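These notes concern the structure reproduced below.
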Amino acid sequence: MDLLGWFLSAPRRASSGCLCVTFSCLCMAVLYLVCLKTGLMLQDSAMRNAHQQHHIKPMAVSIMKILRNIHTTSGGNLSVASASGYINVFSSVTSAPEHHYPTVPEKKTSKTPVKSGGGWFNGVTHFSHALMSVLSGSQHEPERPSYWHNAPRRSSHWAVWDETMSSNQLNKRLQKVFLSYRAMNKYNVVQGDLKRGSNRAQPAGHELLCMLKERASVEALQSHQGPLDTVEWAKYLPVQNLSEELGPLKNCAVVSSAGSIQRSRLGKEIDAHDAVLRFNGAPVLRYADDVGTKTTLRLINSQVMATESHRFLDNPLYTDGILVAWDPAPYSANLNEWFKKPDYPIFTRYKEYRQKHPNQPFYILHPQVQWRLWDIIQENAAEPIQRNPPSSGFLGIFLMLSLCDVVHVYEYLPSRRQTDLCHYYERVHDAACTLGAYHPLLFEKNLVKRLNQGPDLDIILHGKVTIPGFRTLNCSRASV
C-alpha cells in the first residue's frame with residue numbers, strides 16, 4: 001500500500017512544468033497518429049486541395065519541423081512539385097513566413113474545396129500522405145498543380161523547370177509586382193515588335209547558343225573609350241582582356257547564391273573545374289561543403305560596390321580572384337552619358353578599390369552587353385518582360401560561355417531542394433528570388449533551360465545545367 005500510495009502521489013510532487021511538457025508531447029503524438037490514420041482514407045480530391053492551403057496551424061508546423069529535422073539528418077529530402085517549378089512542402093512551410101508560402105493559381109474550372117476537416121486538417125493529411133510515400137520508398141509521382149496536369153512526364157517523378165513558364169503562373173502577389181515593373185521604363189527601353197517573338201517557334205540548343213554568340217559579346221571598358229581616354233584612367237583599367245588574363249579554360253562552374261544549394265554537398269565537384277564564377281557577396285567560408293572554395297571570378301553589381309554594409313573596399317572576400325563589375329545604363333545611352341550619371345557610383349568606387357588593390361585584375365562590363373542580352377531574352381519570350389536589365393546570374397552565365405569550352409551552372413534552375421530562401425548565406429525568404437521581380441528572371445531561366453545539354457535528372461538532383469561554350473560552336477550554318 002505504501003508503494004502504491006507513493007506512486008499515486010508522484011504527480012503531485014512533480015513540477016507542473018514537467019507535467020505540461022509530458023502532456024503536450026503525448027497530445028502531439030496522438031494527434032499525429034490520428035491524422036496519419038485518417039489521411040489514408042481520404043479521397044484524392046482532398047489531397048489535391050491541400051496544395052492550395054495557405055494557413056497551417058502552429059501545432060501542424062511543430063510536427064512538420066520535428067519530422068523534417070529527423071529525415072534531413074538521415075540525408076533525405078521531402079520536396080514535392082509546385083507551380084513555380086516546385087513546392088518544397090517541408091522547407092517552405094516550416095521555414096518561410098506565412099505570406100511567402102508559394103501559392104498555386106486556381107483554374108476557373110477547379111472543383112469546390114472539400115470542407116471536411118478545414119484547411120489545417122487537409123494540410124496535415126497531405127503531409128502525412130507525402131511522408132508515408134517518402135519513408136516507404138514509394139515512386140508514386142506527387143500530385144501536380146493544376147497547370148501541370150497536361151505537361152509531359154519527365155525522366156523522374158520530381159518536376160523539372162518548365163521552359164514555357166509564363167507570368168500568369170505566378171501567384172497573385174508576384175503577378176502584381178511583375179506588372180508593376182513591366183509598366184516602369186526607368187531605362188527608356190525600346191521594346192520592339194513583340195509579335196515576332198510570340199508567334200514563331202522558339203529556338204533552343206545550338207540555334208539559341210549561336211544567336212547569343214553572334215549577337216552579343218563580352219566587352220569590358222578600355223582606356224581609349226570616350227571619357228576614359230585619360231592618363232588617370234589608363235593606370236586603372238586592365239591592359240589585357242579577360243580571355244587573355246585567364247587563358248584557355250575547359251570546364252567552368254557558375255555557382256548560384258540560391259538558398260537551394262544548401263545541403264547539396266557539391267563543393268568538391270565545383271572546385272574540380274578549371275574556373276569558378278561567384279556573385280556579389282557570396283561567401284565560401286563555412287559553406288565549402290556545399291559551394292566549394294575556389295573563386296576565379298566574382299561578378300558584382302554596382303549596388304554592392306556602393307552599399308556600405310557590403311564593405312566593398314576593405315572586405316577580404318572581394319580580393320580573391322578577378323573582379324568584374326556592371327551597372328545599368330539607359331538602353332540607348334552612350335558612354336559619356338552613362339559616365340556622368342551611372343545608376344550607382346561605380347566609377348568612383350572602382351578607382352578607390354584599384355588604389356587599395358592595384359595588383360588585382362578588375363574589369364567593368366560595357367553597358368551595352370546587358371541590353372543586347374535583354375533584346376534576345378525578349379525576342380524569345382511569349383510576352384512582354386520587365387524593362388530592366390538581366391540578372392547578375394544570367395550575365396555571369398553569358399560571361400563564362402564566352403570564356404570556357406563547357407559551362408556547368410549550379411542551382412540557377414532550382415533542384416528538388418528548391419526553397420524560398422533567397423541566398424544560402426542569409427535568412428531572407430521570398431519566392432521572387434526564384435521567379436524574379438525587378439529582373440526578368442523567369443524568362444532568363446526559360447532560356448537557360450532551352451540551352452541545357454545535360455539530362456533533366458541533373459537539374460532535379462543537383463540543380464546542374466550543362467551548356468557548351470561559344471568556342472566549341474560552329475555557327476556557319478545556324479539560322480539565327
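These numbers were taken from a predicted model, which means no experiment stands behind them.
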**Study point:** Aromatic centroids of Y425 and H423 separated by under 6.0 Å
**Key:** yes
Point to revise | Main-chain N/O of S260 paired to T419 side chain as donor or acceptor, under 3.5 Å | key: no
Check your understanding: Can you tell me if D405 uses its side chain to pair, donor with acceptor, with the backbone of T472 under 3.5 Å?
Key -> no
Point to revise | Sub-6.0 Å ring centroid separation between Y353 and Y236 | key: no
Revision key, fill the gap. Result for side-chain contact (heavy atoms from CB on, under 4.5 Å) between R278 and one of V254, V291, D320, L299 points to V291
Review point. Do the two ring centres, one from W374 and one from F443, sit under 6.0 Å apart?
Key: no
Check your understanding: Residues two or more places apart in sequence or in another chain: which of them pass side-chain contact (heavy atoms from CB on, under 4.5 Å) with D289?
Key -> R265
Check your understanding: D327 side chain to Y344 main-chain N or O, any donor-acceptor pair under 3.5 Å?
Key -> yes
Check your understanding: Does the distance from a Lys or Arg side-chain N to an Asp or Glu carboxylate O, for D375 and R215, drop under 4.0 Å?
Key -> no
Review point. Is the Y187-Y331 ring centre distance short of 6.0 angstrom?
Key: no
Review point. Is R349 salt-bridged to E308, cutoff N-O under 4.0 Å?
Key: yes
Exercise for review: Go through the side-chain N and O atoms of Y424 and E411 and say whether any donor and acceptor fall under 3.5 Å apart.
Suggested key: no
Check your understanding: Can you tell me if NZ on K351 sees more than 12 non-hydrogen neighbours from other groups inside 6.0 Å?
Key -> yes
